[in-house]
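Just so you know, ligand 1 is whichever comes first in the structure, and atom 1 is the first atom listed for that ligand. Along the sequence shown, residues carry numbers from 1.
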Amino acid sequence: MTEATASGKVYLFGEHAVVYGQEAICAAIELTTTVRTRQSDTISISSGLGNTGIDYCVHPYVSAAIETMMPEGEGCGIEVNIESELPVGSGLGSSAAVTIATLFALNKEFDKGLTKADIAKVGADIEKKIQGSASLTDTYVSTFGGVIAISKKQQLHVPDCAIVIGNTHEFSSTRKLVADVAALKNTHSEIINPIIEDIGDIARKGIGFVQKSDYNAIGQLMNVNHGLLDAIGVGTCKLSELVYAARNAGAYGAKITGAGGGGCMIAICDNPDDVAESITNAGGEATITHIRKTGVE
Ligand code: MEV
């Protein structure tokens with residue numbers, strides 16, 4: 001049996017703008033997905049979503065990973081079992097984590113000799129195929145861990161403050177949200193293009209503050225980034241309620257993470273219990289986590 005674990009991610013800065021080549025800063029988190037594989041004579045995939053064979057409705061990412069990695073030949077099969085701490089469709093990179101963990105396990109299982117960089121690239125291609133449009137961010141961060149400035153794939157200093165995640169439990173589709181932002185950008189390019197560039201500027205400026213662990217400045221920029229995400233139409237009332245609940249409880253800063261339209265927000269803080277309680281009282285599900293330094297293993 002082969003076992004692989006890969007992490008989910010949060011964006012400190014730059015989601016959506018990264019799709020247009022802007023800088024973003026993304027961090028792996030201690031919430032992970034574990035995939036166990038065993039060679040067999042048929043293909044089976046089991047997870048909290050159900051038990052299937054190759055099935056692009058229930059297990060699209062794992063199905064694509066198997067079809068990419070599986071050697072050809074009769075009687076060649078694989079059992080894949082998935083256990084995940086990452087809620088699906090919540091902006092925490094659950095699809096990247098399951099894709100990367102599956103590719104990593106199958107790489108060992110079938111002795112394919114791919115490097116981690118190869119796995120990140122194959123994972124990004126799979127995400128693009130399934131989601132229509134995706135940046136390299138989620139799969140890269142899940143593969144390598146830590147805090148990464150995406151444009152140059154630069155590993156940054158890992159801040160040791162807590163991250164509190166607030167889940168709205170509103171389902172969000174990355175594919176739809178990326179398409180909605182593209183449509184808004186087409187219709188009002190003179191307004192939306194500068195906002196996308198401002199989000200990139202925030203991430204570029206944020207690099208220096210992350211390197212110095214300047215939590216006050218990181219928090220201020222996260223708050224501005226949240227406002228700009230709202231402006232490009234990916235906020236929801238519930239997300240903002242949780243963001244303000246976190247800020248009112250003393251977080252340095254709080255914002256949407258991931259595609260928005262529901263899903264999750266994050267706050268960085270030194271008082272995670274207070275922030276988590278405030279998010280819970282505002283109707284969110286709060287999880288306290290930290291940045292995971294290691295990548296897939
Ligand atoms: C989704 O986690 C982040 C987006 O920027 C899409 C992407 O980067 O692929 C919205």
Side-chain angles (χ1 to χ4, degrees), residues 6-29 31-33 60-61 64 84 86-100 120-145 147-153 163 165-168 170-185 192-193 195-204 206 222 225-226 228-236 239 255-266 289 291:
S7 40
K9 63 92 201 21
V10 294
Y11 274 89
L12 294 180
F13 308 110
E15 51 274 89
H16 285 289
V18 73
V19 173
Y20 300 99
Q22 293 292 332
E23 184 61 278
I25 303 181
C26 207
I29 50 173
L31 301 178
T32 59
T33 295
Y61 300 95
S84 187
L86 293 160
V88 173
S90 62
L92 298 180
S94 62
S95 60
V98 76
T99 306
I100 295 302
K121 167 83 180 58
V122 175
D125 289 345
I126 289 175
E127 281 224 312
K128 208 171 268 176
K129 178 174 148 192
I130 308 289
Q131 291 176 10
S133 158
S135 68
L136 306 177
T137 315
D138 291 20
T139 43
Y140 192 87
V141 173
S142 192
T143 305
F144 289 99
V147 183
I148 298 177
I150 293 304
S151 66
K152 295 200 179 81
K153 301 192 169 80
I163 295 177
I165 296 168
N167 192 343
T168 62
E170 296 167 330
F171 181 78
S172 102
S173 157
T174 300
R175 185 183 183 120
K176 178 176 181 310
L177 286 149
V178 169
D180 288 352
V181 171
L184 191 67
K185 193 169 167 309
I192 303 300
N193 287 345
I195 296 179
I196 298 282
E197 279 161 31
D198 280 347
I199 293 176
D201 286 342
I202 288 173
R204 278 183 284 281
M222 286 172 69
N225 196 162
H226 178 76
L228 296 179
L229 287 167
D230 228 357
I232 60 171
V234 302
T236 68
L239 276 167
K255 63 180 272 296
I256 290 166
T257 184
C264 292
M265 49 68 67
I266 54 163
T289 188
I291 292 168

What part of R175 sits under 4.0 Å from ligand 1 if we count only heavy atoms: the side chain, the backbone, both or neither? neither

Check if E127 has a non-hydrogen atom at a distance under 4.0 Å from any atom of ligand 1. no

Do the side chains of I29 and I165 get nearer than 4.5 Å, heavy atoms only? yes

Ligand 1 atoms in contact with G258 (distance to a heavy atom under 4.0 Å): 2 (O)

Atom indices of ligand 1 within 4.0 angstrom of V18 heavy atoms, with elements: 5 (O), 8 (O)

Examine the side chains of T236 and E170 and answer whether a donor and an acceptor come within less than 3.5 Å of each other. yes

For E15, the ligand 1 atoms with a heavy-atom partner under 4.0 Å come out as 5 (O)

Under 4.0 Å from one or more heavy atoms of Y11, ligand 1 contributes atoms 2 (O), 3 (C), 5 (O), 8 (O)

Carboxylate-amine/guanidinium proximity below 4.0 Å for K121 and D125: yes

Distance col, row K185:NZ vs I195:CD1, nearest 0.5 angstrom, shows 11.5 Å

Looking at K9, which atoms of ligand 1 are within less than 4.0 Å of one of its heavy atoms? 2 (O)

Salt bridge or not for E15 and K255, using N-O below 4.0 Å? yes

Non-hydrogen atoms of G260 and L177 that approach each other most closely: O-CD1, 3.0 Å

Taking non-hydrogen atoms only, is L177 closer than 4.0 angstrom to ligand 1 via side chain, backbone, both or neither? neither

Once you round to the nearest 0.5 Å, how far does CG of N225 lie from CD1 of I25? 10.0 Å

T137 versus ligand 1: do any nitrogen or oxygen atoms come within less than 3.5 Å of each other? no

